[in-house]
Amino acid sequence: MESAASEILIDGAPFFRLYKYGRIKRLSGTENVPPGLDPKTNVESKDVLYSQEIAQSVRIYVPGTVVTSAQKLPLLVYFHGGGFCIESAFSPTYHNYLNALVAEAKIVAVSVNYRRSPEHPLPAAYDDSWTALKWVASHYIGTGPEQWLNHYVDFANVYLSGDSAGANISHHLAVKITNEKLDGMNLVGIILNHPFFWGKEPVGDEVKKPAIREKMEGIWRLAYPTTSGSDDPWINPIDDQSFGRFLGCKRVLVCVAEKDVMRHRGWYYCEKLKNSEWGGEVEMMEAQGEDHVFHLNKPNCPNAVAMLKKVAEFINQVTKRRRASGGQSKL
């Protein structure tokens with residue numbers, strides 16, 4: 001029995017190993033850092049419980065200039081990556097990234113923690129993320145439980161973003177917003193960093209090696225054991241006949257990396273979106289010579305700095321349009 005329990009079912013090193021009988025050993029993304037004032041960026045953060053029922057929190061970030069500004073700021077709601085099974089909103093990786101992004105873009109950010117697979121298989125992460133988004137939206141008239149959101153956020157200028165699995169979540173919540181309106185929250189756009197989408201058949205020059213494609217599907221099945229497979233609309237929304245029709249925003253930025261196995265899915269997403277009934281603006285950014293989530297692993301490299309600036313610029317375009325038109329801008 002002991003030897004069977006140590007049998008590896010999925011070797012996802014250097015990220016995780018899944019053993020027989022469902023035990024998972026997380027090899028990365030296990031460290032947490034506390035919130036507070038970051039002296040390098042002058043960004044302040046704190047953790048707030050968004051659901052007592054599932055005991056999950058968000059980490060909220062505000063720039064140091066916010067207390068001296070009378071103008072409310074754009075809001076970014078961020079969902080961390082990690083294949084739905086590693087990392088958290090409190091890891092140094094995401095804490096450092098959001099400190100840097102909030103300082104660069106002069107925005108408020110809410111980083112969402114959600115329950116992870118395999119202990120809590122999908123759709124738990126989707127459900128938790130939607131619960132968090134509803135909690136955030138409950139502050140739009142300024143009477144919510146969290147004062148930073150009441151005082152500093154422009155709820156007419158909201159973005160969703162995430163990397164990898166978090167980008168996948170961002171897409172699906174942008175669709176859900178169309179069907180289940182959130183009072184007072186206007187979703188302007190989504191920013192998908194190296195999105196975790198897949199499919200049974202390769203697209204473009206996507207890798208065709210069976211071992212790699214099976215490993216990708218294996219990671220997805222670990223996250224969602226009851227899935228129908230790689231063409232499940234949760235992992236392959238792009239081939240759904242209604243793709244784009246119900247996307248609840250009019251601006252999309254997709255960032256990919258040249259060496260990322262999922263690069264072609266990002267391009268495919270953009271192409272299909274442009275040719276759909278959606279009718280919004282889509283932008284694409286590709287980092288040459290880089291791999292999956294390089295901007296988190298090498299935040300000071302030139303490509304990561306350029307990507308951070310691009311994301312900040314994308315978020316602030318609407319604010320600039322408003323100012324240029326005397327305060328009125330179509331979102």
Side-chain angles (χ1 to χ4, degrees), residues 12-16 27-29 31 40-41 76 78-89 91-105 109 111 159-171 189-199 202-209 211-213 215-216 219-220 235 238 251-274 282-315:
F15 307 109
F16 68 87
L27 306 174
S28 66
E31 182 185 355
K40 183 177 179 181
T41 60
L76 177 74
Y78 194 89
F79 307 94
H80 70 82
F84 300 100
C85 65
I86 63 169
E87 286 291 357
S88 79
S91 77
T93 297
Y94 290 101
H95 185 69
N96 294 336
Y97 173 70
L98 285 162
N99 275 328
L101 181 57
V102 166
E104 179 68 30
S111 183
Y159 290 80
L160 305 182
S161 183
D163 62 282
S164 196
N168 176 300
I169 291 172
S170 298
H171 164 82
I190 57 175
I191 302 154
L192 309 182
N193 298 330
H194 309 169
F196 182 21
F197 298 129
W198 202 241
V203 297
D205 294 326
E206 193 174 76
V207 63
K208 296 176 176 61
K209 291 181 181 178
I212 296 177
R213 299 198 69 82
K215 184 173 183 178
M216 293 295 294
I219 293 171
W220 171 242
I235 191 65
I238 311 169
R251 303 185 68 232
V252 173
L253 171 64
V254 179
C255 299
V256 297
E258 181 187 16
K259 295 182 179 180
D260 186 359
V261 70
M262 289 178 280
R263 164 186 178 262
H264 299 283
R265 291 283 155 177
W267 280 104
Y268 186 49
Y269 182 100
C270 284
E271 291 166 8
K272 290 292 289 277
L273 197 55
K274 287 177 182 177
V282 59
E283 296 184 38
M284 192 78 190
M285 182 181 192
E286 178 167 331
Q288 300 299 311
E290 303 290 1
D291 212 331
H292 193 62
V293 298
F294 76 93
H295 63 295
L296 300 177
N297 300 323
K298 303 183 297 178
N300 297 317
C301 75
N303 281 335
V305 172
M307 182 175 167
L308 187 80
K309 290 183 179 298
K310 176 62 179 177
V311 170
E313 176 191 346
F314 182 80
I315 294 171

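Counting from 1, the numbers follow the sequence of the chain as shown. Note that the coordinates shown come from a computational prediction; the quantities given were computed from them, not determined experimentally.
Of the candidates Asp163, Leu192, Asn193, Asn193 is the only one forming a side-chain contact (heavy atoms from CB on, under 4.5 Å) with Cys255. The only member of His194, Glu286, His292, Glu258 that meets side chain to side chain donor-acceptor pair (under 3.5 Å) when paired with Arg263 is Glu286.
Between Pro202 and His264, the closest side-chain pair of non-hydrogen atoms is not below 4.5 Å. Side chains of Thr41 and Val102 form no contact here, defined as non-hydrogen atoms less than 4.5 Å apart. With a 4.5 Å cut-off on side-chain heavy atoms, His171 and Phe197 count as touching. Looking at heavy atoms from C-beta onward, Trp267 lies out of side-chain contact with Val254 at the 4.5 angstrom threshold. In this structure, the side chains of His295 and Val293 come closer than 4.5 Å at one or more pairs of heavy atoms.
Between Phe314 and Arg251, the closest heavy-atom pair is O-NH1, 2.9 Å. In terms of heavy-atom proximity, Tyr94 sits nearest to Ser88 at CD1-O, 3.5 Å. The heavy-atom pair separating Cys270 from Met284 by the smallest distance is SG-SD, 3.1 Å.
Salt-bridge formation is detected for the pair Glu104/Lys309: a Lys NZ or Arg NE/NH1/NH2 atom is positioned less than 4.0 Å from an Asp or Glu carboxylate oxygen.
In this structure, the ring of Tyr78 has its center less than 6.0 angstrom from the ring center of Tyr97.
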